[in-house]
Each structure stands twice: as structure tokens, then as C-alpha cells.
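In listed order, ligands and their atoms are each counted from 1. Bear in mind the structure is a predicted one, so any value in this text is a computation, not a measurement.
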Amino acid sequence: MPVNSTSASNESSVSAALAGSKPLEVVVLAAGKGTRMRSGLPKVLHPVAGSAMLEHVLRTASQLHPKAIHVVIGHGSEKVKSHIGHTCALGNVNWVQQTEQLGTGHAVKTALPDVQKGSMVLVLYGDVPLTPAQLLSDCVQGAAKGPALITANMPDPAALGRIIRNADTNAVERIVEFKDANTEQRAISEINSGIMAGSVEFFNDHLSRLSTDNAQGEYYLTDVIESACADGLPVTGVLAGSPYEVAGVNDRVQLAELERVFQAKEAEALMLSGATLLDPDRVDVRGNVEVGQDCMIDINVILEGEVTLGANVEIGAGSIVRNSRIGDNTVIHPNSIVDGANVGMRCSIGPFARIRPGSDFAQDVKIGNFVETKKTRMGDGSKASHLTYLGDAEIGAEVNIGAGTVTCNYDGISKHRTDIGDDVFVGTNSTLVAPIQIDNGAFVAAGSTLTSKVKPGDLAVGRARQRNIEGWKRPDKRS
Ligand code: UD1
Ligand code: CA
């Protein structure tokens with residue numbers, strides 16, 4: 001899943017930082033129900049920037065090049081497996097079923113039998129989507145001698161677990177869950193992100209000592225910190241740069257907040273690569289976008305999937321560009337949808353154009369308002385300026401497609417092709433019944449319905465001849 005340099009989710013490899021340490025295996029906790037989402041969709045499948053939160057976590061985890069990624073699933077596990085299987089090219093995810101959700105400690109324990117001896121284990125949460133890979137790498141490195149965990153200072157720490165540090169040494173001593181905390185502990189603003197690293201032997205040992213003697217009657221993963229300290233193991237706390245790096249999603253309000261944080265970063269990355277965003281708060285990126293210099297992106301634009309914009313490209317307000325390449329100096333006018341297309345240089349698309357997958361335009365092509373194209377190639381300088389459907393068509397250079405032209409590509413069973421040569425003029429309101437071929441330089445009279453081949457330079461007239469009836473008497477309302 002390539003992420004280019006302009007994306008905020010920078011995929012610089014962090015494996016070098018891990019060299020020399022134990023082989024890494026990642027355990028992602030994703031079995032919880034997510035009650036507060038009030039959703040039929042498992043929580044970890046709710047999207048941030050168009051990708052499931054779990055996909056973000058898996059992508060970041062894979063930047064650490066772990067030997068294995070184990071994902072603990074329970075609620076909606078079939079949906080989770082099939083979604084990730086279908087949309088994420090990360091391959092080797094080992095799914096671990098946790099039939100009863102007895103707590104985070106129990107969840108990690110359920111995955112441990114699948115982890116190789118001698119490995120380092122990094123525990124991530126499926127509902128914490130925006131953690132930078134470098135921060136995870138720092139956490140893993142901190143776990144060389146004892147467990148390491150990522151913490152953050154939160155102005156409003158709400159119900160998160162609080163970090164208790166030794167008053168003298170400032171070392172992390174234990175984590176107190178909000179429900180088990182007293183007033184003094186609740187006033188602490190340093191919280192537990194939940195992300196933790198340690199050797200598989202450490203987790204095997206300390207997870208087996210957990211009890212459910214707490215306010216929630218659960219096996220808390222967090223309790224391994226106190227037991228590590230009791231054994232004299234050093235505990236490393238790695239402080240996140242910003243609360244958002246470790247923010248989890250429990251409800252849709254938090255989901256929307258993280259979406260905005262993510263989008264602000266994406267917008268910033270686009271601007272820093274040389275694009276002007278007329279309002280950075282009103283551009284959404286849901287994929288990997290590469291921009292050339294001096295692109296201009298108007299408001300309410302959505303860029304989805306793999307999008308490449310050349311230099312000086314303009315995207316008009318309200319347009320959606322998905323999985324497409326747009327050449328230098330091309331203008332997409334407002335309210336256009338460009339999907340799965342390859343658009344050359346100096347083209348003009350829209351307003352209100354719908355460019356569907358398989359559209360391939362050379363240079364200086366003009367597509368005007370209310371034009372739909374699908375699996376259609378257009379050569380240099382060709383135009384379809386108004387109200388047209390072009391499907392399964394090969395159109396040469398310098399062709400003029402008149403307003404209201406329709407390629408009849410479907411006979412109810414199969415799709416058929418329309419082939420139009422260079423320098424062809426198709427008059428207004430023409431119906432081209434495919435399969436059909438119109439050769440170079442041909443001219444199609446307005447209002448024609450064509451069902452057979454037109455030879456080079458011929459004029460095709462496929463309509464009834466006009467007949468005028470002299471002295472015709474109009475119906476008279478009064479008679
Ligand atoms: C947990 C931490 C808390 C931390 C917070 C950060 C514990 C006991 N508490 O609390 O210190 O501040 O995360 O967000 O660890 N899960 C399972 N199986 C289970 C239980 C949970 O897979 O049996 C998964 C959930 O799907 C979720 C994650 O573990 O992805 C965290 O569980 P959750 O119940 O949300 O923990 P918190 O109460 O938020
Ligand atoms: Ca949570």
C-alpha cells in the first residue's frame with residue numbers, strides 16, 4: 001500500500017531503528033463491541049479518511065516490518081475478517097478469536113500461543129488509528145529490559161487509565177483505571193494510551209498473574225506494569241507528542257474529531273507540496289494524493305484512492321477525483337466526478353461532467369457539462385461539449401461530438417464498441433448504435449441514427465427527410 005511523500009501518514013521505513021533487537025510480532029486488540037458507536041458495523045471498521053480504523057493500525061504496524069501481525073477479534077469477527085481481506089493488501093494477518101471479552105489482558109493472552117518464542121510483542125488497539133510508526137518504534141526500543149508503554153498528557157483525560165509515577169524517581173509504577181481511581185489519581189493528566197511492548201516471555205509470565213479483582217471485573221492488561229515493578233523490572237514510559245497520536249475512538253463524536261485532525265494534516269501536506277487550497281478545512285483526502293506545483297483546489301473537493309495531479313491542475317468546487325491521473329494544466333470545472341480516469345495535459349472537464357472508469361483522454365480534450373464517459377479513449381483535441389454519453393468508445397484526434405450524442409453500447413445482453421477515427425464530425429443529437437465504425441474525416445448529419453459503418457470522408461445522414469405540408473390547417477380550439 002504505497003504512501004507517497006505528500007501524504008501526512010508518512011511511510012518512511014522505521015525498520016532500521018529496530019535492527020539488532022528481537023524479532024517483532026504485533027498484537028492488535030479488536031474484539032470489543034464498541035457499544036457507544038451504536039452501530040451494526042464493528043467499531044474498528046468505521047472509517048477515518050475512507051479506510052477502516054483497523055486498516056490504519058495495520059498499515060502503521062506493517063511499517064515496522066514485524067514477523068507477524070495477530071489481530072484479536074470477537075464481536076463481528078466475520079465482518080472484520082472479510083472487510084480487511086477484501087480491502088487491505090497487507091497479507092499475512094493471523095486472526096485470533098477471543099470468544100468472550102474478559103478484558104485487555106485476557107485478549108493479549110489469547111494471542112500469545114501464536115507468538116514465536118524469543119519475540120518482542122507490541123500491543124496495539126484497533127480503535128487507535130493515528131499513531132505514528134516512529135512513536136511505536138520508540139516504544140519497542142524502550143522495551144529492551146522491561147515493558148514499555150506509550151503515555152500522553154491530555155487536557156481532558158476523561159475515563160482513560162492514569163499513569164502513576166514514583167514521587168522521587170518519576171518512574172512509571174502502575175496504571176490505575178479511571179473506575180478504580182480515587183479523586184487524587186483522577187486529577188492526573190498523564191494517561192495510558194494502551195500501547196505497550198515487552199518480550200513474549202514477559203507477557204506470558206505477568207499476564208498469568210492477573211486477577212479480575214477490580215471495578216470492572218476484567219483482566220486488565222494495565223496491571224502488568226505494577227507486577228513488573230514488583231519484580232524490579234524497569235518500565236519505560238514513552239510520551240506521545242500530541243494527544244491525537246494515541247487518541248482512541250469510543251463514539252462517533254471522537255471519530256469525527258480524529259477525521260478532522262487527519263484531514264488537517266493531509267491538507268497541510270498538500271499545501272507544503274505546492275498546492276493552493278482555497279480553504280484547507282474544506283478539502284478531504286481519502287487515499288494517497290500526489291500533487292504537482294501550483295495546483296489549485298477549490299472548496300468541497302474530495303480526493304480518493306490513488307490520485308496524481310500534474311502541475312497547474314485546477315480542481316473546481318464540489319468535484320470528486322478518485323483513482324485518477326490528471327495531466328499538467330488541466331482544469332476540472334466545478335461539480336465534476338472523475339473516477340478511474342487518465343486525463344492528459346491541458347484538458348478541460350465539466351462543469352457537471354461524469355468521467356467513469358476506463359476513460360482515457362489524450363491532450364487538449366474538452367468534456368463539457370452533462371457529459372458521461374466510460375471505457376472511452378479520446379485523442380488529442382477532441383471535444384464533447386454538452387449532454388452526451390460515450391461508452392466503450394475509441395475516438396480519434398480532433399473529433400467533434402455534438403450535443404446529445406449517445407453511443408448505444410448495450411443491447412440488453414452485451415456491450416459493443418464504437419470506433420470513431422480522426423477528424424470526424426458527429427452532428428447534434430446523433431444515436432450511434434454499436435458495434436459501429438465511423439472512419440477518418442466522416443461527417444454525421446445532426447439527428448442521425450447510425451447502424452452501419454461510415455467510410456472515410458463520407459457524409460452519413462440517418463434520419464427521415466423533412467416533409468413540409470403546404471396549406472396545412474391547424475386544429476382550431478373554437479370549432
Ligand atoms: C484501555 C486501558 C486504559 C487506557 C485505554 C486507552 C485497560 C484495562 N485499560 O481502557 O488504561 O487508557 O484503553 O484507550 O487496558 N479489547 C479486546 N478484548 C477485550 C477487551 C478489549 O479485544 O476483552 C479491545 C477493544 O476492542 C479495544 C481495546 O481492546 O480495541 C481497548 O479496550 P477498551 O474496553 O476500549 O479499554 P478501555 O476501557 O478504553
Ligand atoms: Ca477504549
Side-chain angles (χ1 to χ4, degrees), residues 26-37 39 41-46 52-58 61 70-77 79-80 95-112 122-131 139 147 149-154 156-164 172 174-181 185-186 188-196 198 203 206-207 210-227 237 239-240 243-251 254-255 257-258:
V26 173
V27 174
V28 183
L29 305 192
K33 193 168 180 197
T35 314
R36 282 170 285 171
M37 296 300 283
S39 175
L41 190 68
K43 177 163 78 175
V44 294
L45 294 187
H46 279 263
M53 287 194 276
L54 181 55
E55 282 181 74
H56 285 270
V57 175
L58 294 176
H70 313 272
V71 183
V72 181
I73 46 176
H75 281 282
S77 55
K79 280 186 189 165
V80 174
W95 301 104
V96 178
Q97 197 75 31
Q98 186 195 21
T99 1
E100 262 188 301
Q101 280 72 56
L102 304 178
T104 48
H106 178 260
V108 175
K109 200 173 174 190
T110 309
L112 287 186
L122 174 66
V123 178
L124 303 177
Y125 289 9
D127 56 0
V128 178
L130 303 186
T131 316
C139 181
L149 70 163
I150 300 179
T151 72
N153 281 312
M154 296 250 178
D156 176 20
L160 294 165
R162 304 300 203 266
I163 303 292
I164 312 292
V172 176
R174 62 193 179 101
I175 300 165
V176 180
E177 288 306 292
F178 180 79
K179 286 184 179 151
D180 301 283
Q185 291 164 333
R186 286 181 180 188
I188 295 171
S189 62
E190 188 182 10
I191 59 88
N192 170 35
S193 70
I195 298 169
M196 200 184 278
F203 282 115
H206 290 263
L207 288 174
L210 296 183
S211 84
T212 56
D213 183 15
N214 53 51
Q216 300 183 77
E218 289 181 2
Y219 293 100
Y220 288 170
L221 172 62
T222 45
D223 284 350
V224 301
I225 297 300
E226 193 176 1
S227 77
L239 189 67
Y244 291 115
E245 297 182 350
V246 296
V249 169
N250 293 314
D251 57 36
Q254 292 170 336
L255 183 69
E257 273 172 32
L258 285 198

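- Judged by the shortest distance from any of its heavy atoms, Glu177 lies inside the 4.0 Å radius around the atoms of ligand 1.
- For ligand 1, the atoms closer than 4.0 angstrom to any heavy atom of Gly161 are 3 (C), 4 (C), 11 (O), 12 (O).
- Looking at ligand 1, you won't find any N or O of Ala107 less than 3.5 Å from one of its N or O atoms.
- Only the backbone of Ser193 comes within 4.0 Å of ligand 1, judged by heavy-atom distances.
- No heavy atom of Gly248 sits closer than 4.0 Å to any atom of ligand 1.
- At least one N or O atom of Gly32 sits closer than 3.5 Å to an N or O atom of ligand 1.
- On a distance-only criterion, Asn192 and ligand 1 share at least one N/O pair closer than 3.5 Å.
- Both tests do not hold together for Arg162 against Phe178: distance to the six-membered ring centre under 6.0 Å, angle to the ring axis within 45°.
- At under 3.5 Å, not a single nitrogen or oxygen of Ile175, backbone or side chain, sits near a nitrogen or oxygen of ligand 1.
- When only interatomic distances are considered, the shortest N/O to N/O separation between Leu160 and ligand 1 does not fall below 3.5 Å.
- Here the closest heavy-atom approach between residue Ala111 and residue Val72 is recorded as CB-CG2, 3.9 Å.
- Residue contacts with ligand 1 do not include Ile191, since none of its heavy atoms lies under 4.0 Å from the ligand.
- Not one N or O of Gln216 is nearer than 3.5 Å to an N or O of ligand 1, by distance alone.
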